[in-house]
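Quick note on labels: first sequence line is chain A, next is B, and so on, each numbered from 1.
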Amino acid sequence: RKEVEQDPGPFNVPEGATVAFNCTYSNSASQSFFWYRQDCRKEPKLLMSVYSSGNEDGRFTAQLNRASQYISLLIRDSKLSDSATYLCVVNALSNTGKLIFGQGTTLQVKP
Amino acid sequence: NAGVMQNPRHLVRRRGQEARLRCSPMKGHSHVYWYRQLPEEGLKFMVYLQKENIIDESGMPKERFSAEFPKEGPSILRIQQVVRGDSAAYFCASSPVSGELGEQYFGPGTRLTVT
């Protein structure tokens, strides 16, 4: 079983749609969680951290369910510029900074 | 404030040659991480360094690969006697602190092609 699993997609949605990505992780001791974005295999860029209480940043909402070891990302009112690969990322151990990346979910927003 | 810098951006080596990849972290960041992304795969952790110390090298292949982060100068990822399977994008990241408080900032990567 992979340490971080994501549905690779692609998700093809029209502009303005709401889309949700899910991710599961296997290590129950994982400490911190992130969503990164990667465009055309360029460098990953931090989109947002994910907290147990859930957090929102504009059109983006992230949720963490520790009991189910499940992380989600919701994008509302999709824009063409949201087209990218979204990477679910887990920090395995709090003292090493070792990030475990999922394979990524590809989103294509169409006009 | 310049971001994480990596050079070269593209590197071509013949089998058996050495590859040296350089990474300068963001100003004020003392933690450096190297990741590798093979074609059609996700990013894989290789090594975590602080100045003059290797903290976690659990993702480094046992042979031919080494990394350093000297007191002065950039971090270096060195691959000796490269093989075709080493062709990948190598990303460096830095953070001001480690662990769960640390959000990592990535450089543009070095694309290594082994012919």
Side-chain angles (χ1 to χ4, degrees), chain A residues 1-10 21 23-52 55 57 62 64 66 71 84-106, chain B residues 3-7 9-10 21 23 25-26 29-50 53-60 67 69 75 87-112:
Chain A
R1 183 184 172 187
K2 289 182 182 175
E3 292 183 86
V4 179
E5 291 207 62
Q6 295 180 251
D7 178 351
F21 305 137
C23 163
T24 57
Y25 61 95
S26 60
N27 185 351
S28 59
S30 297
Q31 296 293 321
S32 49
F33 310 88
F34 309 91
W35 283 101
Y36 277 74
R37 170 187 170 138
Q38 187 176 32
D39 292 78
C40 299
R41 295 182 74 82
K42 294 183 179 177
E43 72 271 27
K45 292 185 179 176
L46 178 66
L47 184 64
M48 58 198 305
S49 300
V50 188
Y51 304 112
S52 295
N55 48 304
D57 182 1
L64 166 65
R66 283 189 186 269
I71 305 162
T85 298
Y86 290 84
L87 307 173
C88 178
V89 183
V90 173
N91 188 341
L93 294 169
S94 62
N95 62 343
T96 71
K98 175 181 176 179
L99 297 182
I100 309 297
F101 283 79
Q103 192 89 350
T105 298
T106 299
Chain B
V4 178
M5 298 175 69
Q6 289 187 251
N7 66 81
R9 295 288 301 276
H10 299 274
L21 288 61
C23 168
M26 285 179 71
H29 288 193
S30 58
H31 303 260
V32 166
Y33 314 82
W34 286 93
Y35 295 85
R36 176 165 69 172
Q37 188 169 32
L38 294 168
E40 308 305 321
E41 292 191 17
L43 279 86
K44 302 283 188 224
F45 169 84
M46 299 182 76
V47 62
Y48 162 39
L49 311 105
Q50 294 180 30
N53 288 305
I54 297 174
I55 308 302
D56 181 349
E57 56 181 345
S58 57
M60 287 281 269
F69 189 16
S75 176
S87 295
Y90 291 83
F91 291 100
C92 168
S94 73
S95 68
V97 295
S98 69
E100 63 181 287
L101 297 180
E103 296 169 343
Q104 298 179 17
Y105 299 86
F106 284 76
T110 294
R111 266 92 180 148
L112 173 65

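Checking B:Tyr48, B:Phe106, B:Phe91 one by one against B:Tyr35, the ring-ring contact (aromatic ring centres under 6.0 Å, His included) holds for a single residue, B:Phe106.
In terms of heavy-atom pairs under 4.5 Å with chain A, the best-connected choice from B:Gln37, B:Arg111, B:Met46 is B:Gln37. When each of B:Gly107, B:Ala89, B:Gly109 is scored by its heavy-atom pairs under 4.5 Å with chain A, the top score falls to B:Gly107. With chain A as partner, the option from B:Ser58, B:Pro108, B:Gly42 having the largest number of non-hydrogen pairs under 4.5 angstrom is B:Pro108.
For the pair A:Asp7 (side chain) and A:Gly9 (backbone), a donor-acceptor distance under 3.5 Å is present.
Taking A:Ser28 as the reference, A:Gln69 meet the side chain to side chain contact (heavy atoms under 4.5 Å, CB included) condition, with sequence neighbours excluded.
Pairs passing the salt bridge (charged side-chain N to carboxylate O under 4.0 Å, His left out) check and including a residue from residues 28-42 of chain A, sequence neighbours excluded, read A:Arg37-A:Asp39.
Only the backbone of B:Glu40 comes within contact range of chain A, with heavy atoms under 4.5 Å apart.
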